[in-house]
Every structure is written in C-alpha cells, then in structure tokens.
Amino acid sequence: MASHFIVLGLLIATFSCAIASDSSPLQDFCVADLTGPVLVNGFACKDPKLVVADDFYMSGLNVPGNATNPIGSKVTPANVAQIPGLNTLGISMARIDFAPWGVNPPHTHPRATEILTVLEGTLEVGFVTSNPDNRLITKVLQKGDVFVFPINLVHYQRNTGNVNAVAIVALSSQNPGVITIANAVFGSKPDIANDLLAKSFQTDTNTIDLIQSKF
Ligand SMILES: *[C@@H]1O[C@H](CO)[C@@H](O)[C@H](O)[C@H]1NC(C)=O
C-alpha cells in the first residue's frame, strides 16, 4: 500500500514538472488584482462580485505600433498586464508591426509557445533547435500564413518586403516573458565582463565593448 503512494507521489512529481505552460484554472476566472499586496504565482484574484466586462477587454490592437526604431519592429502586447481577466487562463496575444526590412530580433519566451499569423506583408521567420544540433527551421510567410515557435526556443521574424508588415501572435501564457538574446547578453545591468564575452563569442574585447555600447 505504501509503495502505491510512493509511485503515485512520483507520478504527480513527474507530471507537475513536465507541465511547461500555465497551470489550469480552478474557478471560472481569477481577474488579476494588479495592484494588490498579495504575491503569488501570477496575481491574486479580484473579488468576483466586483468583476466587470472591462476586466476582460482592451482596445487599440487596430493601431499600428511605431516601428521607426533601430530594429524596425514594435510589439504591442495584450497579456495579463493589459487584460487582468487573463490571470490563470494561460493565454495572451500581441500585435507586431514591421517597417520595411524590420527585424524582431532573436529572442525566447520562457513561458510560452507562440503561434503567428501574417495579416499584411511578407515575413521570414525562424527558430533554432537546442544543442547540439542548433538546427535552423525557417520559412518565408505570406499574408494568411501561420507559423509556430515552440516554447523556449530562440526565434525571430524579419520583414522581407519594401512595405510595412503586420502579424498577430497568440501565446500559451498569460505572461509569456521575453528574453531578447542581444539585450540579455550585451545589455545586462551591470555588464557581463567583456573578456568573458570575448572568450564566449570567440572574439576580442573591443568588439564586445562596441556591441555592449549599443545595448
Ligand atoms: C515614431 O517614433 C519615431 C522615433 O522615436 C518618432 O520620431 C516618430 O515621431 C514616431 N511616429 C509617430 C507616428 O508617433
């Protein structure tokens, strides 16, 4: 009998470790109390009696983001920070605007798989598998095409056209998170030591200093 409990315990431990997206809700909704004092995984729930339609709503995703910046893209998020009703629901979305030849640079989402659809323009997209293969899976997408970026993998998009491009993405977390590789590695505060990065990237410290100065 005791051994059954041990096996059950191991199974539960295995399954709880294997869940890579947000856990399932235990109630109809748990609208985030974004300013509340209680710190939990996610946000504490607002009193359900005080919940209103606007807790599940945002507007403005029709408005183009301003992609006039050095990378030529702009992400407009629609996650739990904008829509408190997403708390505990394991889903969110974003609009991405691209200037001609703009790039959404290599990044990962630590908590979400992403599915993207092109609304306007042409996008070159790709993701890289983990070590040791580091295989690049890439494709050129046209309007209406859909592409998936598996959770945690480094991925990017680039507008390969001379006109603006627009994409809508859905993500399997209320709070997918973003780690932009260049910003994390070259723009940490404080800096990672330049000689450490020089050895890591098989280059010299002057090159590292130059890149760090941009982030
Ligand atoms: C977009 O951003 C650029 C650079 O910050 C700025 O010069 C420009 O006025 C902005 N355009 C709009 C429409 O806000």
Side-chain angles (χ1 to χ4, degrees), residues 20-22 25 29 31-32 34 42-43 52-129 135-184 187 215:
S21 55
D22 296 1
F29 50 73
V31 172
L34 293 174
F43 294 96
V52 294
D54 278 355
D55 289 325
F56 302 92
Y57 168 85
M58 76 173 258
S59 64
L61 226 51
N62 59 317
V63 179
N66 187 349
T68 305
N69 55 51
I71 56 173
S73 75
K74 179 69 178 179
V75 176
T76 306
N79 61 46
V80 72
Q82 292 78 34
I83 309 175
L86 283 176
N87 192 40
T88 74
L89 297 184
I91 194 169
S92 61
M93 65 186 295
R95 170 184 174 130
I96 314 176
D97 287 275
F98 298 85
W101 298 95
V103 167
N104 186 10
H107 63 279
T108 80
H109 301 295
R111 293 176 288 278
T113 287
E114 172 176 339
I115 183 166
L116 172 150
T117 185
V118 180
L119 296 189
E120 295 294 342
T122 303
L123 290 182
E124 171 193 347
V125 302
F127 66 82
V128 179
T129 67
R135 182 175 162 215
L136 174 64
I137 311 275
T138 182
K139 191 165 175 69
V140 175
L141 306 180
Q142 309 295 341
K143 182 173 179 167
D145 290 353
V146 175
F147 199 81
V148 173
F149 305 98
I151 187 167
N152 284 324
L153 297 187
V154 174
H155 61 280
Y156 61 81
Q157 299 105 26
R158 172 163 68 166
N159 180 0
T160 55
N162 293 320
V163 295
N164 293 342
V166 184
I168 294 283
V169 301
L171 300 126
S172 61
S173 171
Q174 65 177 40
N175 178 26
V178 186
I179 301 169
T180 305
I181 306 304
N183 299 59
F215 293 92

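Treat the numbers as computed from the prediction; the structure is a model and nothing was measured.
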Residues that I83 engages under side-chain contact (heavy atoms from CB on, under 4.5 Å), provided they are two or more places apart
M58, A78, L86
Hey, what's the ring geometry for F147 with F127, parallel, tilted or perpendicular (30° and 60° as the breaks)?
tilted
Distance check, rounded to the nearest 0.5 Å: I91 atom CD1 versus M93 atom CE?
9.0 Å
Compare all side-chain heavy atoms of S92 with those of P176 and state whether any distance is below 4.5 angstrom.
yes
Without swapping roles, check the side chain of T129 against the backbone of R135 for a donor-acceptor pair under 3.5 Å.
yes
Closest non-hydrogen atom pair between S73 and N69, with its separation
O-ND2, 2.9 Å
Taking side chain as C-beta onward, heavy atoms only, is V31 less than 4.5 Å from V52?
no
Any donor-acceptor pair under 3.5 Å linking the side-chain atoms of N66 with those of T68?
yes
Using the side chain to side chain contact (heavy atoms under 4.5 Å, CB included) rule, take T88 and V80 through it: C-alpha gap first, then chi angles, then the decisive distance, then the call.
CA-CA 9 Å; T88 74; V80 72; over 6 Å; no
Could you state the interatomic distance from NZ (K74) to CD1 (I96), rounded to the nearest 0.5 Å?
12.0 Å
Side chain to side chain contact (heavy atoms under 4.5 Å, CB included) assessment of N159 paired with L123:
CA-CA 5 Å; N159 180 0; L123 290 182; 4.2 Å; yes
Closest heavy-atom contact between V75 and A94?
CG1-CB, 4.0 Å
Taking the side chain as every heavy atom from C-beta outward, state whether E124 and T138 have any atom pair closer than 4.5 Å.
yes
Heavy-atom check, side chain of L89 versus side chain of P25, under 4.5 Å:
yes
A side-chain contact here means heavy atoms from C-beta on lying under 4.5 Å apart; do L116 and L141 qualify?
yes
Q142 versus V118: any side-chain heavy-atom pair under 4.5 Å?
no
Could you check if a side-chain atom of P110 sits within less than 4.5 angstrom of a side-chain atom of I179, using non-hydrogen atoms only?
yes
Between V125 and H155, is the side chain to side chain contact (heavy atoms under 4.5 Å, CB included) condition met? List the steps.
CA-CA 7 Å; V125 302; H155 61 280; over 6 Å; no
Minimum side-chain heavy-atom gap F149-H107 below 4.5 Å
no
Using atom types as modelled and distance alone, determine if a side-chain donor or acceptor of R95 lies under 3.5 Å from a backbone N or O of V166.
no
Kindly compute the distance separating CZ (F43) from CD (Q174), expressed to the nearest 0.5 Å.
7.0 Å
Looking at CD of E120 and CG of N164, how far apart are the two atoms once the value is rounded to the nearest 0.5 Å?
9.5 Å
Counterpart residues, salt bridge (charged side-chain N to carboxylate O under 4.0 Å, His left out), relative to D55 (two or more places apart):
K46
Could you give the distance from CG (N104) to CD (Q157), rounded to the nearest 0.5 Å?
4.5 Å
In chain order, what residues pass the side-chain contact (heavy atoms from CB on, under 4.5 Å) check against V103, with sequence neighbours excluded?
P105, R158
Taking all non-hydrogen atoms of both residues, which atom of N175 and which atom of R111 are closest, and how far apart?
O-NE, 2.6 Å
